[in-house]
Amino acid sequence: MTKKNNNKNKRIPVVPLRGIVAYPKLTLAFDAGRTGTLAALDKALNSDRKVLLLAQKDLEVDNPMAADLYRVGTIADIVQVLEVKNDYFKILTEGIERAKVNRLVRKGKGFYVADYEEYPRAPFHVTSKLMDELKIEAAHREIIKLFETYAVETGTVPPDAISFAKTLKDYDQLIDLVSVHVNFKLERKQALLEEQDLSKRLDQIILSLSQELKLFQYGQEINRKVKKSIDKQQRDYFLREQMRTIEDELSGEQSELSEAARLRELFAESSIPEDYREKVEREIDRVARMPANFPEASVQINWLELVLNLPFGKTDVEKLDLKSARKILDRDHYGLKDVKQRIIEYLAVRKLQVEQGIKKMRGPILCLVGPPGVGKTSIAKSIAEAIGRKYIRMSLGGIRDESEIRGHRRTYVGAMAGRIMQGISHVDIDNPLFLLDEIDKLGHDFRGDPSSALLEVLDPEQNDNFRDHYVEIPYDLSHVLFVTTANTIEGIPGPLFDRMELIQLSGYTEVEKVEIAKRHLLPKQIEANGLTAKQLSLTDGALKSLIAWYTAEAGVRQLERELARVCRRVAIRIAEDEIKSFRVKQTDLEELLGNRKYFFDLAEKEDLLGSATGLAWTYAGGDTLTIEVNILPGSGKLELTGQLGDVMKESAKAALTYCRSRSEELNMAEDFITKNDIHIHVPAGAVPKDGPSAGITMATALASAISGKKVRHDLAMTGEISLRGRVLRIGGLKEKSVAAHRAKIKEILIPKENEPDLEDVPESVLNNLKITPVETMDDVLRIALVE
Ligand code: ADP
């Protein structure tokens, strides 16, 4: 609220200030030495001793121009001029009132004269109308409190200033006083000068003061921390120096006794081959000569420890009693008849080799292939037990670097042996069973291809002289029985694949799962949770529902976890004497395990238009899959959604081509394709789906949408489609049929070419599911579409 100026033509010399702002009614002392400043002062002293004090925007500027100066300043009286030395003065001024510059005129000696007008503050009665008196009083107290705290904490405010502030009744002057004594940024000080409204100024100063206080406190805290850490470093350094002196005093024999002597003992017992004994002994001597805290000593000791622990040539006698091997396999695993048979055959061949005096492993490497949780690992463990070999397991999943298999050279910082030799160093014989898990998850990149290193490990022709870069001494791996596992065949690197003898384990049916749970998983968990069979049992109905409601898997891993949960819940109740024993029925499941997770009812309850059920095969087993087609007026676009892979998109196009070739049978108008958009969607989560085996399902859904005939809801199908409508072979028939059975489908259509695979399908599924082989898409539509 500027009062309009009536004497516009007033002129006054300008003194630029660097880094400070002058306020009315307050004295200000500053230094003056610049020619322009001195000329302006001179001019003032020769008239009414008044100057306009304007702050410079940038305090680095030496000869400020008009644009470098703020436009609002304070008119002040020059009270005192003191020459400190030649042409260098201390000036004392007293602020009078604020003024706003209208124009700056440059004078000869490098100073400015300002045309200015008054720039008064809003009178108090105006402000107080806008702001409650009480609020102003509260703000006043807050300012005094903050200002005092600031003064005490920083120690930078003269005590006079505090007592003066407390006596001040003029709030504007109080604000100015605080601003002069607190270390605000220049812009903030200037803003305080320019603001006319008292209530805003009060807010501004309180905010600025508390920020400044916080900043100061943070700064202090950082200082404290830095100081503390420096103190600690000095202390550590000092202690370390002391320790070193003590160690030097005791040097020599002490460390020789502890490390080198221990290594020599190990060496005496080790079976390192003759050719390398001298080399290793030399290395031990080196350790003996090194000071104990020498960094290289620990690298050296690590190497020696590994090498000295390797079981060179220490072979366990092989126990190849086929009868007892079969017993152990049967004891640990339900079903898996073929798998066990294949393993026994494999062992029989091995037995003959041993009888002929062949110690080396010959022939292909066993590879157990199947979805997770079908017992691959546990079969391998049983094989080891059956033939009396030690067991080592190592996962290859995600290994991308060749040196993880073959080790780093010792010169490399942080070098380590490869995983094979690390594994071997943990057993004390050289013919263990070594399980290489997830061989299909092996990666490769620029660091080299681990599969070629692995090939060398597995190849009986080469592996009797395996050189790990770190170990350096060649090691004979030819007695090791390597067994591998994989989820899918596709992921196994080609060259490795050629040396494998594949044994496929497929998913279990519901009946098999119930048996496995009853005979193996439940007894195992009952024991692990400190219960007895008397205390906990499950009815068959409960087991079946537990499998259907709480698990969705090809194997039995999740089932084992859920059973463990049941055991824990029951164990708590028995431990708390709530009950003595528990026979779990179907109706108890939700209470023990919470709400059911899966609903395996029929995918659809009634026949639908443009929707068909397919069967999918994932690495985790089989599943049903709904395919939906919608037709809308449009311009011939084909849209595919539901995270479909390229192969699946191609089969959608093939399906469409087939439908077009049958336009007559399907009542498809000639311009159907150009006048409509087709949208094919495969719901069920955001799981990416791919593969050609949904071809006939898409064609069926399409044909239904086009012809207006519904698809049978109790039917599912699988098969690739050719452009002419032939139904082509697919994989995973067993898993798919199990999944269809689980989903209570009545009939499935499969490619005729897959008929031989029917012998893999479990009886319990065959008894309850009609399986119809088909050759052409026309057959499929005849069975699938209802009139
Ligand atoms: P994978 O190695 O195939 O992922 P695991 O060997 O880890 O599977 O099997 C998971 C669990 O299921 C183990 O406790 C295993 O003993 C058990 N299991 C799997 N198949 C059978 C079976 N046929 N009979 C008994 N237990 C089984």
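Just so you know, ligand 1 is whichever comes first in the structure, and atom 1 is the first atom listed for that ligand.
Among all non-hydrogen protein atoms, the one lying nearest atom 24 (N) of ligand 1 is Y334 N, 3.0 Å. Summary of contacts: the protein heavy atom closest to atom 20 (N) of ligand 1 is Y508 OH, 3.0 Å. With respect to atom 13 (C) of ligand 1, the closest heavy atom belonging to the protein is E560 OE1, 3.6 Å. Looking only at heavy atoms of the protein, atom 26 (N) of ligand 1 is closest to I516 CG2, 3.7 Å. Among protein heavy atoms, the minimum distance from atom 7 (O) of ligand 1 is reached at R557 NH2, 3.7 Å. Annotation: atom 6 (O) of ligand 1 to nearest protein heavy atom, S378 N, 2.9 Å.
Side-chain contact of E510 with S764: a donor-acceptor pair under 3.5 Å is absent, judged by distance alone. Between the side chains of Q353 and R350, at least one donor-acceptor pair of N or O atoms lies under 3.5 Å. Looking only at atom types and distance, the side chain of H469 has no donor-acceptor partner in the side chain of S403 under 3.5 Å away. A donor-acceptor contact under 3.5 angstrom links the side chains of S693 and K736, judged on distance only.
Using a 4.0 angstrom heavy-atom cutoff, L521 counts as in contact with ligand 1. Ligand 1 has no atom lying under 4.0 Å from any heavy atom of I379. Residue contacts with ligand 1 include G373, since one of its heavy atoms falls under 4.0 Å from the ligand.
The side-chain contact (heavy atoms from CB on, under 4.5 Å) test with S737 singles out one residue from L758, L615, L766, I748, and that residue is I748.
I387 CD1 to I343 CD1: the interatomic distance, rounded to the nearest 0.5 Å, is 10.0 Å. Note that CZ of F482 is 13.0 Å distant from CG of L366, once rounded to the nearest 0.5 Å. The line from CZ of R742 to CG of L769 is 13.0 Å long, rounded to the nearest 0.5 Å.
Shown in contact with K376 at under 4.0 Å from a heavy atom are these atoms of ligand 1, numbered in order with element: 1 (P), 2 (O), 3 (O), 4 (O), 6 (O), 8 (O). Residue contact check: G375 has heavy atoms under 4.0 Å from atoms 1 (P), 3 (O), 5 (P), 6 (O), 8 (O), 9 (O), 19 (C), 20 (N) of ligand 1. Of all atoms in ligand 1, numbered sequentially from 1 with element shown, those under 4.0 Å from a heavy atom of P372 are 4 (O).
Which of R561, E438, K524 comes nearest to atom 14 (O) of ligand 1 through a heavy atom is settled by distance: it is K524. Counting only non-hydrogen atoms, the option in T377, L336, V556 that gets closest to atom 18 (N) of ligand 1 is V556.
Here R557 does not pair with E560 in a salt bridge; the nearest charged N to carboxylate O distance is not below 4.0 Å.
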